[in-house]
Amino acid sequence: MIGVFDSGIGGHSVLRALRAQLPDEPFAYFADTEHAPYGERDEAFVAQRSLAITRKFIEEDGANLVVVACNTATAAAIHLLREAYPQIPFVGVEPPLRPAVAVTRTRQVGVMATRGTLASAKFRALHESLAASGVRFILQPCDGLALAIETNDAARVRELCERYVGAVQAQGDVDTLVLGCTHYALVDDVLQAAAGDGVRLVEPGVPVARRVAALLA
Ligand code: DGL
């Protein structure tokens, strides 16, 4: 059994890709809605929740692989999960900066993510590792957006997408927008409308599914 978790429904964007790639695998999905959103919590809290969910998956449900379908939890906790369960493979999700570097023509890329993800050491290391690419990354913390998606508040989702995409576009000629939170992929149509047709959205679901398939193989 493959355990998949997120703070809420956001990880469904990853689960969708997993199911498409691996239709015969049994998946269990845990949405930690009681403690969502994670993105504006401190790292220790997110790490403690991630460990508790992982413990349940492995010790109670018999999971033999765990997908951390949350950028914020991956940044805060995946190293701790690997330490706690060295025999279990973990696949996390991080803002797809590298794929964005491969496709941008203007060399200016917007990154929308939670405050927690953007402040993490893991994200900083990823960002710094791409300094030599010459691509300028415009980092946009999107407070409240995951919560609006989680609570299915369509008006608020539209308002926040327009506000944050507008803030990114005001800073540069951005042709590529990284969706660095799994919730955001669930409203990619709203984000695309806010950004305009000339902007390409980059989501991490498919690469995560490919990585899981490779591990299983
Ligand atoms: N979906 C999550 C992520 O990818 C977390 C959103 C939240 O709970 O703030 O970061």
Side-chain angles (χ1 to χ4, degrees), residues 3-18 27-54 57 66-81 90-100 110-127 137 139-153 156-157 159-161 163-165 168 177-188 190-191 201-209 211-212:
V4 182
F5 77 91
D6 179 43
S7 62
I9 59 171
H12 276 266
S13 61
V14 175
L15 186 61
R16 200 159 58 191
L18 285 166
F27 293 101
Y29 187 87
F30 189 93
D32 196 13
T33 46
E34 197 184 331
H35 302 98
Y38 283 175
E40 290 143 57
R41 302 258 199 184
D42 67 61
E43 225 173 65
F45 180 85
V46 176
Q48 178 236 312
R49 288 304 307 151
S50 302
L51 274 163
I53 296 162
T54 297
F57 271 155
V66 175
V67 178
V68 185
C70 173
N71 294 262
T72 313
T74 299
I78 200 162
H79 56 294
L80 302 172
L81 305 181
F90 289 90
V91 177
V93 50
E94 64 181 10
L97 265 50
R98 239 174 269 282
V111 183
M112 300 178 69
T114 68
R115 189 164 288 282
T117 295
L118 295 178
S120 68
K122 198 167 194 309
F123 178 79
R124 207 166 30 248
L126 172 67
H127 189 193
F137 293 99
L139 310 184
Q140 180 61 52
C142 300
D143 291 351
L145 183 52
L147 180 64
I149 295 165
E150 190 70 31
T151 54
N152 202 17
D153 184 342
R156 181 92 176 128
V157 166
E159 179 204 329
L160 290 177
C161 286
R163 182 192 304 168
Y164 293 135
V165 169
V168 169
L177 208 48
V178 168
L179 306 193
C181 167
T182 53
H183 279 73
Y184 306 165
L186 298 177
V187 297
D188 53 0
V190 185
L191 287 163
L201 306 187
V202 184
E203 304 174 19
V206 173
V208 168
R211 172 87 188 117
V212 172

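Counting starts at 1 for both ligands and their atoms, in listed order. Heavy-atom basis, side chains included; hydrogens, waters and symmetry copies ignored. Residues take their numbers from the sequence shown, with the count starting at 1.
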### Message
Could you tell me if R41 sits above the aromatic ring of Y38, with its cationic atom closer than 6.0 Å to the ring centre and no more than 45 degrees from the axis?
### Response
no
### Task
Could you label the plane-to-plane angle of the F57 and F30 rings as parallel, tilted or perpendicular, counting under 30° as parallel and over 60° as perpendicular?
perpendicular
### Message
Can you classify the ring geometry of Y29 versus H12 as parallel (below 30°), tilted (30 to 60°) or perpendicular (above 60°)?
### Response
tilted
Those atoms of ligand 1 less than 4.0 Å from some heavy atom in [X]:
X: S7; result: 5 (C), 6 (C), 7 (C), 8 (O)
X: H183; result: 1 (N), 2 (C), 6 (C)
X: Y38; result: 7 (C), 8 (O), 9 (O)

### Heavy-atom proximity to atom 5 (C) of ligand 1, best of P95, C70, A146
C70
### Summary
Any heavy atom of D6 under 4.0 Å from ligand 1? The part involved is side chain
#### Entry: Under 3.5 Å side-chain donor-acceptor pair for T72 and T117
yes
### Task
Note the single closest protein heavy atom to atom 9 (O) of ligand 1, along with its residue, its atom name and the distance in Å.
G39 N, 2.8 Å
### Nearest non-hydrogen protein atom, atom 10 (O) of ligand 1
T72 OG1, 2.6 Å
## Note on the structure
When rounded to the nearest 0.5 Å, the distance separating OG of S13 from OH of Y184 is 11.5 Å
### Message
So T114 and E40, do their side chains get closer than 4.5 Å, heavy atoms only?
### Response
no
